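Each remark here refers to the structure printed beneath this line.
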Amino acid sequence: MDAVAKKLMPQSAYMDKPATDRPTEAEVEAAVKVLLRWTGDDPQREGLIDTPKRVTKAFREMFNGYDMCPADELGRTFEEVAGYDDLVIVRDIKFHSHCEHHMVPIIGKAHVGYLPDGKVVGLSKIARVVDIFAHRLQTQEAMTAQIAGVIQDVLNPRGVAVMIEAEHMCMAMRGIRKQGSTTLTSTFTGVFRDTPEEQVRFVTMVRAGGGGI
Ligand SMILES: Nc1nc2c(ncn2[C@@H]2O[C@H](COP(=O)(O)OP(=O)(O)OP(=O)(O)O)[C@@H](O)[C@H]2O)c(=O)[nH]1
Ligand SMILES: [Zn+2]
């Protein structure tokens, strides 16, 4: 593995599906009822009676990233690309995640680029990797490093560049209450880390023609 990626991300943290010790659905529903009482509302009123069930189901969906292994998604590669070995960027991958501090949404976009070394991966797999990490409790820094780390490790390209821009609802809806501020993070490995011109090329291509095709 690339030294920077290794430092940022211990291998076991993304190669394996994280160990989970899940409670029963009944236990989760009881916990949601407690939270409903914490809001000051009445969990027994008609509109809330099925809410614990719905929240339990929604949590399984929003956090299904714990049941998936991002490395598995990158397993199938293609070599027949007419000798193409230049930059591949998947830009504007929208995601929803949750911050690990407050469990409220992080809404953003990831831009992922890599310089292939003979083999390329299906483009959708890059977006799947982003989604898997997004569907876990996150910090933006960790998510950026995790995406770069697993692509570098499994695909072994000449370099990986990941940039994430996101709005943190825990800064907008509570606390400091600053709406509209975005946080930018980036991780570069291999050629991108060693060659500033490659970083500039990545950022320029990410920024070029923003607003869609
Ligand atoms: N570095 C980083 N910080 C984050 C991320 N998501 C949320 N935070 C911040 O995590 C910090 C948690 O700070 P704490 O002081 O422990 O918690 P808090 O009292 O709820 O903080 P406030 O939000 O300032 O009220 C806050 O500053 C959040 O804005 C993230 O992805 N990365
Ligand atoms: Zn937070």
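Counting begins at 1 with the first residue of the sequence. This structure is a prediction, so every number in the text was calculated from the model and none was measured. Basis for what follows: all heavy atoms, side chains included, without hydrogens, waters or symmetry-related copies. We count ligands from 1, going down the list as the structure has it; atoms in each ligand are counted the same way.
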Is any side-chain heavy atom of [X] closer than 4.5 Å to a side-chain heavy atom of [Y]?
{"X": "N156", "Y": "Q152", "result": "yes"}
{"X": "I126", "Y": "Y114", "result": "yes"}
{"X": "F59", "Y": "M103", "result": "yes"}
{"X": "H168", "Y": "T183", "result": "yes"}

Compute whether any side-chain donor of one residue and acceptor of the other, for [X] and [Y], lie under 3.5 angstrom apart.
{"X": "H135", "Y": "E61", "answer": "no"}
{"X": "Q179", "Y": "E167", "answer": "no"}
{"X": "T185", "Y": "Q140", "answer": "yes"}

Determine if the distance from [atom] to the closest protein heavy atom is below 4.0 Å.
{"atom": "atom 4 (C) of ligand 1", "value": "yes"}
{"atom": "atom 22 (P) of ligand 1", "value": "yes"}
{"atom": "atom 29 (O) of ligand 1", "value": "yes"}
{"atom": "atom 14 (P) of ligand 1", "value": "no"}
{"atom": "atom 19 (O) of ligand 1", "value": "no"}

Quick one: does Q138 get a heavy atom under 4.0 Å from ligand 1? no

Has R174 got any heavy atom lying under 4.0 angstrom from an atom of ligand 1?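 Flag set, R174 near ligand 1.
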
Under 4.0 Å from a heavy atom of [X]: which atoms of ligand 1 are those, numbered in the order shown and with their elements?
{"X": "C170", "result": "7 (C)"}
{"X": "M171", "result": "29 (O)"}
{"X": "H102", "result": "18 (P), 20 (O)"}

Strictly under 2.8 Å of the Zn ion (ligand 2): which protein N/O/S atoms qualify?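 The answer is C99 SG, H102 ND1, C170 SG.
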
Closest to atom 2 (C) of ligand 1 (heavy atoms only, candidates E141, M169, Q140) is E141

What I want to find out is whether R60 reaches D67 closely enough, with some N-O distance under 4.0 Å, to be called a salt bridge.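 Yes, R60 and D67 are salt-bridged.
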
Under a side-chain separation threshold of 4.5 Å, the hydrophobic residues clustered together with M171 are I176

Considering only the protein, which heavy-atom contact is closest to atom 6 (N) of ligand 1, and what is its distance?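 Here the closest protein heavy atom is H168 ND1, 3.1 Å.
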
If you have a sec, work out which protein heavy atom is nearest atom 9 (C) of ligand 1 and how many Å separate them, to one decimal? H101 ND1, 3.9 Å

Going by the side chain to side chain donor-acceptor pair (under 3.5 Å) test, which pairs reach into residues 94-105, not counting sequence neighbours? H102-R174

Looking at CG of L87 and CZ of R158, how far apart are the two atoms once the value is rounded to the nearest 0.5 Å? 9.5 Å

Can you name the salt bridge (Lys or Arg N to Asp or Glu O under 4.0 Å) partners of R201, sequence neighbours left out?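 For R201 the salt bridge (Lys or Arg N to Asp or Glu O under 4.0 Å) partners, ignoring immediate neighbours, are D86, E198.
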
Heavy atoms from other residues, nucleotides or ligands near CZ of R76 exceed 12 (cutoff 6.0 Å):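 For R76, atom CZ is not crowded (no more than 12 foreign heavy atoms under 6.0 Å).
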
If I apply the N/O under 3.5 Å rule, does T139 come out as touching ligand 1?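 Min N/O separation from ligand 1 is not below 3.5 Å for T139.
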
